[in-house]
Amino acid sequence: MKDMTEGSESRHIIAFTIPLLIGNLFQQFYNIADTIIVGRFLGKEALAAVGASFPIMFFLIALIMGITMGATILISQFYGAKKYDLVKKVIDTTYIFLFFTAIVFTFAGIFLAEPLLKLLKTPEDIMHLAKTYIVIIFIGCISMFGYNSISGVLRGLGDSKTPLYFLIIATFINVCLDLLFILVYKMGVAGAAWATIVSQLVSFVLGLIYLSYSKHQFLSLKVKEMKFDCVLFKKSIAIGLPSAVQQILVSIGMMALTRIVNGFGTVVLAGYTAASRIDSVAMLPAMNFSMALSTFVGQNLGAGKPLRIKRGLRASLIMALIVSIIITILSVAFRYNFIAFFNQEAGVIQVGAEYLLIVSLFYFSFTTMFIFNGVMRGAGDTIIPMFITLLSLWFIRIPVSAILSTRMGPAGIWWGIPIAWIVGMTLSIMYYLKGNWKKKSIIIMKNE
């Protein structure tokens with residue numbers, strides 16, 4: 001566990017962010033390994049099928065992140081205030097709720113897979129492959145929800161290293177199973193999906209073992225002693241629901257964007273799939289600095305130290321923007337090489353490289369938006385970031401992408417993305433400067 005209420009702000013944030021970033025890179029490597037192996041050995045149709053399925057898979061991940069956000073914020077504030085009995089109650093309540101939620105989504109996803117793919121206008125020539133892939137992913141919902149819930153609890157306590165160790169092991173298993181199922185057993189896209197599910201199960205089981213033998217009383221997992229606290233659940237949902245809605249809006253926005261992309265055929269979808277994998281990795285530093293800052297803000301609000309929050313924001317913004325600039329340079333300089341990792345066809349490479357050239361130049365705006373939103377989430381103010389997301393991703397990105405695509409082709413879709421980021425960044429900064437987020441802490445903040 002890590003107490004962030006004393007010592008160097010930048011050192012705490014970077015020490016928390018690095019394991020978190022490495023862990024998320026390994027988690028993204030699940031999808032990247034699937035995509036590279038599928039694109040290289042099964043062709044552009046299989047690559048496009050995985051890409052068509054990804055928005056639905058991202059929806060699941062987004063839902064988990066949103067649900068656990070409320071619990072993570074409560075845990076960090078109660079932990080900062082040394083109220084360990086409440087920390088334990090929040091953890092138990094979160095596990096119970098997510099277990100039953102995972103069961104519901106498993107069955108719902110299996111039956112709704114094909115209608116969802118049709119809603120996204122998935123090309124007919126890849127429909128069967130996409131359905132096969134996403135149904136298997138839904139079968140593994142419990143493992144996916146389980147690992148991410150354990151990871152969210154540990155993050156709220158300032159521990160970003162332990163989930164990383166589990167994830168590294170699971171990622172190597174994923175790559176090995178990908179190669180085994182696809183190259184040796186010739187299972188096609190089903191093999192890639194099963195490799196992902198088995199790997200997530202390993203990380204979940206390792207998390208359960210860790211909790212079972214934990215020396216910390218509030219982490220020890222004893223099923224018979226677990227209790228569901230309705231009051232804390234309502235508080236967690238009140239904080240987490242806007243984040244859940246925000247994450248869901250992000251995923252649905254991705255679905256709407258994919259629907260537009262699908263209208264341009266399999267080659268454009270394959271190029272978009274490859275580029276979006278690079279894009280998702282490029283965004284991770286900003287997202288992880290934001291998550292670290294949220295925990296930092298939560299603990300320091302709980303401890304009544306607002307001045308540390310300002311210094312933490314400044315340090316996070318500087319570090320995240322430096323990383324963002326480096327990523328932009330690499331993405332532009334090596335865009336053709338990056339796409340070629342996934343597929344060698346000239347049309348696919350051209351589409352993906354064009355996407356990276358347009359979008360990567362604006363990573364700074366995405367980074368800035370996420371850092372300022374991290375402060376607000378850490379304070380428990382999640383409603384305004386939700387509305388900012390709704391405005392930028394729906395009322396800006398989707399209409400702009402749809403309109404520009406009719407005039408510029410696929411490039412018009414790509415331009416809609418940075419335009420939405422710039423709007424979101426501007427609104428986030430304006431709301432932060434207004435200062436209303438300071439009044440949202442669960443723990444009453446002392447003046448400093």
Side-chain angles (χ1 to χ4, degrees), residues 1-4 16-17 19-20 23-24 27 61-102 141-167 170 200 203-223 225-229 232-241 243-244 247 288 290-299 302 374 377-378 380 382 442-443:
M1 307 304 105
K2 194 174 186 66
D3 187 345
M4 297 186 176
F16 189 90
T17 300
L20 195 63
N24 278 285
Q27 195 164 32
I61 298 172
L63 180 68
I64 304 167
M65 291 175 64
I67 291 173
T68 56
M69 177 62 72
T72 299
I73 291 170
L74 277 181
I75 289 168
S76 66
Q77 292 192 15
F78 286 143
Y79 185 68
K82 316 299 183 190
K83 297 186 177 182
Y84 302 129
D85 57 326
L86 293 177
V87 171
K88 173 62 174 172
K89 289 180 180 179
V90 174
I91 292 174
D92 287 351
T93 301
T94 302
Y95 288 154
I96 293 170
F97 175 68
L98 284 174
F99 173 75
F100 288 103
T101 303
C141 266
I142 290 181
S143 298
M144 186 188 301
F145 275 55
Y147 168 75
N148 282 280
S149 64
I150 292 173
S151 180
V153 166
L154 293 175
R155 283 200 308 272
L157 296 170
D159 181 4
S160 58
K161 291 182 180 179
T162 302
L164 169 61
Y165 302 142
F166 306 150
L167 201 53
Q200 289 174 339
S203 60
F204 177 40
V205 170
L206 289 173
L208 290 176
I209 293 172
Y210 174 80
L211 294 178
S212 298
Y213 290 94
S214 175
K215 296 179 181 179
H216 300 282
Q217 188 62 35
F218 47 76
L219 275 183
S220 180
L221 185 62
K222 297 178 181 178
V223 177
E225 297 179 6
M226 293 176 69
K227 295 181 180 179
F228 189 87
D229 190 300
L232 289 176
F233 175 71
K234 289 178 181 178
K235 287 184 179 180
S236 178
I237 290 299
I239 297 172
L241 186 59
S243 285
Q247 295 294 341
N288 290 315
S290 177
M291 292 170 71
L293 184 59
S294 291
T295 298
F296 177 88
V297 169
Q299 289 196 15
R377 290 193 189 97
T382 53
I442 302 301
I443 306 297

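Computed from a predicted model, the values in this text were never measured in an experiment.
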To the nearest 0.5 Å, tell me how far [X] [atom1] sits from [Y] [atom2].
X: K234; Y: D229; atom1: NZ; atom2: CG; value: 10.5 Å
X: F99; Y: I142; atom1: CZ; atom2: CD1; value: 5.5 Å
X: I91; Y: M226; atom1: CD1; atom2: CE; value: 9.5 Å
X: Q299; Y: F16; atom1: CD; atom2: CZ; value: 8.0 Å
X: S151; Y: I64; atom1: OG; atom2: CD1; value: 10.5 Å

Does any part of the side chain of [Y], heavy atoms only, come nearer than 4.5 Å to the side chain of [X], both counted from C-beta?
X: L154; Y: Y210; result: yes
X: L232; Y: L86; result: yes
X: Y95; Y: I150; result: yes
X: T295; Y: I73; result: no

Over all atoms of both residues, closest heavy-atom pair of [X] and [Y]:
X: S290; Y: G374; answer: OG-CA, 3.3 Å
X: Q77; Y: G378; answer: NE2-O, 3.2 Å
X: T68; Y: S149; answer: CG2-CA, 4.0 Å
X: S76; Y: G298; answer: OG-CA, 3.8 Å
X: F166; Y: G207; answer: CE1-CA, 3.5 Å
X: R377; Y: S294; answer: CB-OG, 3.8 Å

Apply side-chain contact (heavy atoms from CB on, under 4.5 Å) to the pair L157 and I75, showing each step before the final yes or no. CA-CA 7 Å; L157 296 170; I75 289 168; 3.5 Å; yes

Derivation of the ring-ring contact (aromatic ring centres under 6.0 Å, His included) call for F233 and F97: CA-CA 9 Å; F233 175 71; F97 175 68; 5.0 Å; yes

Does this structure show an ion pair linking D85 with K89, if we count only N-O contacts that are shorter than 4.0 Å? no

Could you walk me through whether D92 and F228 pass side-chain contact (heavy atoms from CB on, under 4.5 Å), step by step? CA-CA 7 Å; D92 287 351; F228 189 87; over 6 Å; no

Is the backbone of V153 close enough, under 3.5 Å, to the side chain of T72 for a donor and an acceptor to pair up by distance? no

